[in-house]
Amino acid sequence: MLDQCFALLWIIGKIICVLVPVIVCVALLTLLERKVIGAMQVRVGPNRNGIAGSLQPICDVLKLLAKELIIPSKASRYLFIIAPVLALAPALAAWAVIPFTNDWVIANVNAGILVVFAMTSLGIYGIIIAGWSSNSKYAFLGALRSVAQVVSYEIAMGFTFVGVLLAAGSMNLREIVLHQSGGIWHWYFLPLFPLFVVYWISAVAETNRAPFDIAEGESEIVAGFHVEYSGIMFGIFFLAEYANMILVSALAALLFMGGWLSPFAGIPYLDHWFSWVPSVLWLVLKMSFFIFLYFWMRATFPRYRYDQIMQLGWKCLIPVALVWIVLVAVAVQMGWIFH
Amino acid sequence: MWNQLKKWVKKLTLWELLKGLRVTLKYGASKDITLQYPEEETPRSNRFRGMLALRRYPNGEERCIACKLCEAVCPACAITIESEVRDDGTRRTTRYDIDVFKCINCGLCEEACPVDSIVLTDEMHYALYNRGENIFTKEKLLMIGDLYESKIAEHREIDRGTC
């Protein structure tokens, strides 16, 4: 009995150790995003609270917490309240199977990649329920768009996963990373480059971020699915969105960029010089690069039109992914690469 | 044929997108041009048309001779002047009101004035807190003129002979 209690506490402790940094990262990212986009628009970004705006996220959260929660009178009350939680829970749950280093993982399951895929897809329920229960035409339109988009891009994303699975021969995220060990040229982003690009584009679309943020579409449908949300309920949607971004970046690092592996492994001197770097730092660096890419893309590209998004998803990404999967499958079967 | 191939290569390598990303990265590395407003301000011309003022001669005599040219030229009808003959035989205003709500800061009154009495200072930071304060009376305008006289004279000196 006591053993079980300890095991439970141990798991809870591990969960806290993963989720607290994630949530802190989300807070930092909101600031970082405004800073990066500001710099790219030749502005400064927030700089009034704390040194260089460092207290801005705290101020934002306090403001959201202090605000009144308004529930529209004709909204479906319970669904309206439950929707932000439904959006956030999968975004956090998927972290259970993400390995940070060789043995830092909450649950080392064999179908890890499937769990992540399922969780990122479940997040859409939060959005669709939020859009439907608000009883507002903008929210409803935003939810519809979001669902259509996620459903289309999930296919392309799934295909890129298939490519990685073929190459690694495993669904366990840890083993996928270990298959890439041995220097930067062993990482999957080189042999699977088209899949890597397709993955990244569909990942951006999957998280409803610019340039695929038609679910929010400020210029057409105000704020999309979360128009009617205020206060911390809105904040939770925000949290979910950013947690998803980090998750997708982590996944990109794990599947294509060798996860926690050092890029210098196998290079005579560099390998030795960088051997002091803790492996989790490599993962964090790779994730930071992808997160920066998110902000960079947001600062650069205008929003896609709805039909263009559908065209890109169905007519470009899926065919490209399919062709490359066939090539990879042939290569693996013939034993040319990925032994 | 060749063009088609070029088009496809460009499409598949995301060439245009990468070009766009390069531009934003370049600007991201460049220096910000933001001015932190309350602490910093953009430079203003000496001809800036801001708050109105009435000037005096160095001996303290008010310049205005109540010719009412400014009242006549004002496109917004913001100026109201009443005048009478003073004891020393000169014509002076008894009332010189400018409604700053009507005023469009065009500067025509300043151009019309034969004695450089009504002028526009370069002051732009002024606010009204109570109803009725929008009427700048003669006393108020003269007071503003007294406060800003050195600046006004300086700015007029720069432009002497140019217009």
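Note: hydrogens, waters and symmetry copies are ignored here, and every other heavy atom, side chains too, is used. Convention: sequence-line order gives letters A, B, ...; per-chain numbering from 1.
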Does a sphere of radius 6.0 Å around [atom1] in [X] hold more than 12 heavy atoms from other residues, nucleotides or ligands, not counting ones at 6.0 Å or beyond?
{"X": "B/Ile33", "atom1": "CD1", "value": "no"}
{"X": "B/Asp88", "atom1": "CG", "value": "yes"}
{"X": "A/Ile51", "atom1": "CD1", "value": "no"}

**Message:** With a 4.5 angstrom heavy-atom cut-off, is it the side chain or the backbone of A/Phe292 that approaches chain B, or both, or neither?
**Reply:**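 Contact with chain B is through the side chain of A/Phe292 alone.
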**Request:** Measure distances from A/Val36 to the heavy atoms of chain B and classify the residue's part below 4.5 Å as side chain, backbone, both or neither.
**Result:**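 For A/Val36, neither part sits under 4.5 Å from chain B.
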**Asked** Heavy-atom distance under 4.5 Å to chain A: side chain of B/Leu17, backbone, both or neither?
**Response**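 Backbone plus side chain of B/Leu17, per the 4.5 Å heavy-atom cut-off to chain A.
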**Request:** Could you pull out all residues at least two apart from B/Glu149 that satisfy side-chain hydrogen bond (donor to acceptor under 3.5 Å, both in side chains)?
**Result:**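 Here the qualifying residues are B/Arg55.
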Between these two chains, chain B and chain A, I want each donor-acceptor atom pair under 3.5 angstrom written on its own line with its distance.
residue	atom	partner	partner atom	Å
B/Leu21	O	A/Trp296	NE1	3.0
B/Thr24	OG1	A/Trp296	NE1	3.1
B/Thr24	OG1	A/Thr300	OG1	2.7
B/Ile33	N	A/Val42	O	3.4
B/Gln36	OE1	A/Asn47	ND2	3.4
B/Gln36	OE1	A/Arg48	NH2	2.7
B/Glu39	OE1	A/Arg48	NH2	3.2
B/Glu39	OE2	A/Arg48	NH1	3.3

**Request:** Not counting sequence neighbours, list each pair that qualifies as a salt bridge (Lys or Arg N to Asp or Glu O under 4.0 Å) and has a residue in residues 130-144 of chain B.
**Result:**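 Counting only pairs at least two positions apart or across chains, the salt bridge (Lys or Arg N to Asp or Glu O under 4.0 Å) contacts touching residues 130-144 of chain B are B/Glu62-B/Lys138.
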**Prompt:** Is there any ring pair (Phe, Tyr, Trp, His ring centres under 6.0 Å) pair reaching into residues 110-152 of chain B, and which pairs are they, with sequence neighbours excluded?
**Reply:**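 Residue pairs with at least one partner in residues 110-152 of chain B: there are none.
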